[in-house]
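Here the structure is a predicted model, which is why all the values come from computation and not from measurement.
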Amino acid sequence: AETWGIRFLLAQNMPLESLTERASNGGPILLDNEEVKHTEAHTYLFFNREVPEGSGTLYITTERVVWLDEEENDRGFAFDYPFILLHAVSRDISHFAKPCIYCQLDM
């Protein structure tokens with residue numbers, strides 16, 4: 001199976017939520033009326049650089065995008081959709097080491 005990355009280009013004061021807890025099923029603790037619409041295991045998270053933050057599970061919910069680290073159960077990140085300025089799917093590994101979902105985020 002092909003592994004994917006999610007690559008974030010972050011603004012300096014990005015409203016990125018650090019997640020240190022998980023639900024009893026290992027997924028994100030959901031907000032009121034929030035639902036998980038898609039889950040993608042074994043994804044790599046990149047912030048402004050070529051070295052990944054780690055491998056984890058990506059959750060697309062009705063309210064936000066959540067990434068939870070596979071190895072460190074107290075490590076994860078979430079951001080709300082209004083902060084996505086640009087997004088694209090890239091399979092061109094001549095521009096980035098892995099196929100990825102590219103997101104540019106800002107306040």
Side-chain angles (χ1 to χ4, degrees):
E2 184 176 45
T3 59
W4 277 75
I6 184 162
R7 184 178 182 194
F8 295 112
L9 181 60
L10 301 177
Q12 191 149 13
N13 295 317
M14 176 46 217
L16 186 68
E17 181 184 0
S18 179
L19 303 176
T20 59
E21 296 182 22
R22 297 182 185 208
S24 60
N25 66 2
I29 296 173
L30 299 176
L31 306 172
D32 290 341
N33 300 316
E34 182 179 25
E35 298 175 34
V36 173
K37 293 296 186 178
H38 183 76
T39 302
E40 193 68 38
H42 311 298
T43 57
Y44 292 94
L45 178 66
F46 297 86
F47 288 130
N48 295 342
R49 58 191 184 139
E50 302 293 321
V51 179
E53 297 294 320
S55 178
T57 302
L58 179 69
Y59 298 87
I60 307 297
T61 78
T62 53
E63 301 291 325
R64 59 198 172 141
V65 174
V66 177
W67 180 86
L68 298 177
D69 196 296
E70 289 176 349
E71 295 179 12
E72 297 180 43
N73 286 333
D74 61 347
R75 187 165 185 257
F77 302 98
F79 63 89
D80 296 334
Y81 293 121
F83 301 104
I84 301 173
L85 294 177
L86 172 73
H87 70 281
V89 174
S90 175
R91 296 180 189 273
D92 184 355
I93 60 172
S94 68
H95 287 95
F96 194 68
K98 295 187 172 292
C100 66
I101 299 171
Y102 172 83
C103 296
Q104 184 171 342
L105 309 174
D106 199 7
M107 292 178 90

Find the distance between OG1 (Thr20) and CG (Leu68) and round it off to the nearest 0.5 Å. 10.5 Å
Taking atom CG of Asp80 and atom CD of Glu17, what is their separation to the nearest 0.5 Å? 7.5 Å
With distance as the sole test, does Glu21 use its side chain to make a donor-acceptor pair with the main-chain N or O of Asp74 at under 3.5 Å? no
Audit row: Thr61, Glu34, side-chain hydrogen bond (donor to acceptor under 3.5 Å, both in side chains) steps and yes/no: CA-CA 7 Å; Thr61 78; Glu34 182 179 25; 2.6 Å; yes
Check Pro28 against Ala23 and note the closest heavy-atom contact, atom names and distance. O-CB, 3.6 Å
Which atom of Val66 lies closest to which atom of Ala78, heavy atoms considered: CG2-CB, 3.9 Å
One should read off an interatomic distance between Ser90 OG and Ile101 CD1, to the nearest 0.5 angstrom, of 11.0 Å
Reported CH2-to-CZ distance for the pair Trp67 and Phe79, which is rounded to 0.5 angstrom: 13.0 Å
Ignoring hydrogens and geometry, is there a side-chain-to-backbone donor-acceptor pair from Ser55 to His42 under 3.5 Å? no
Rounded distance (nearest 0.5 Å) linking atom NE2 of His38 with atom CG of Leu58: 7.0 Å
Between Val36 and Ile60, is the side-chain contact (heavy atoms from CB on, under 4.5 Å) condition met? List the steps. CA-CA 6 Å; Val36 173; Ile60 307 297; over 6 Å; no
Does Tyr81 reach the main-chain N or O of Arg64 with its side chain, forming a donor-acceptor pair under 3.5 Å? yes
Looking at every heavy atom in both Arg75 and Arg22, which two are closest together, and how far apart are they? O-NH2, 3.4 Å
Distance alone, cut at 3.5 Å: any donor-acceptor contact between the side chains of Glu35 and Thr62? no
Using only heavy-atom distances, determine whether the side chains of Asp92 and Ser94 contain a donor-acceptor pair under 3.5 Å. yes
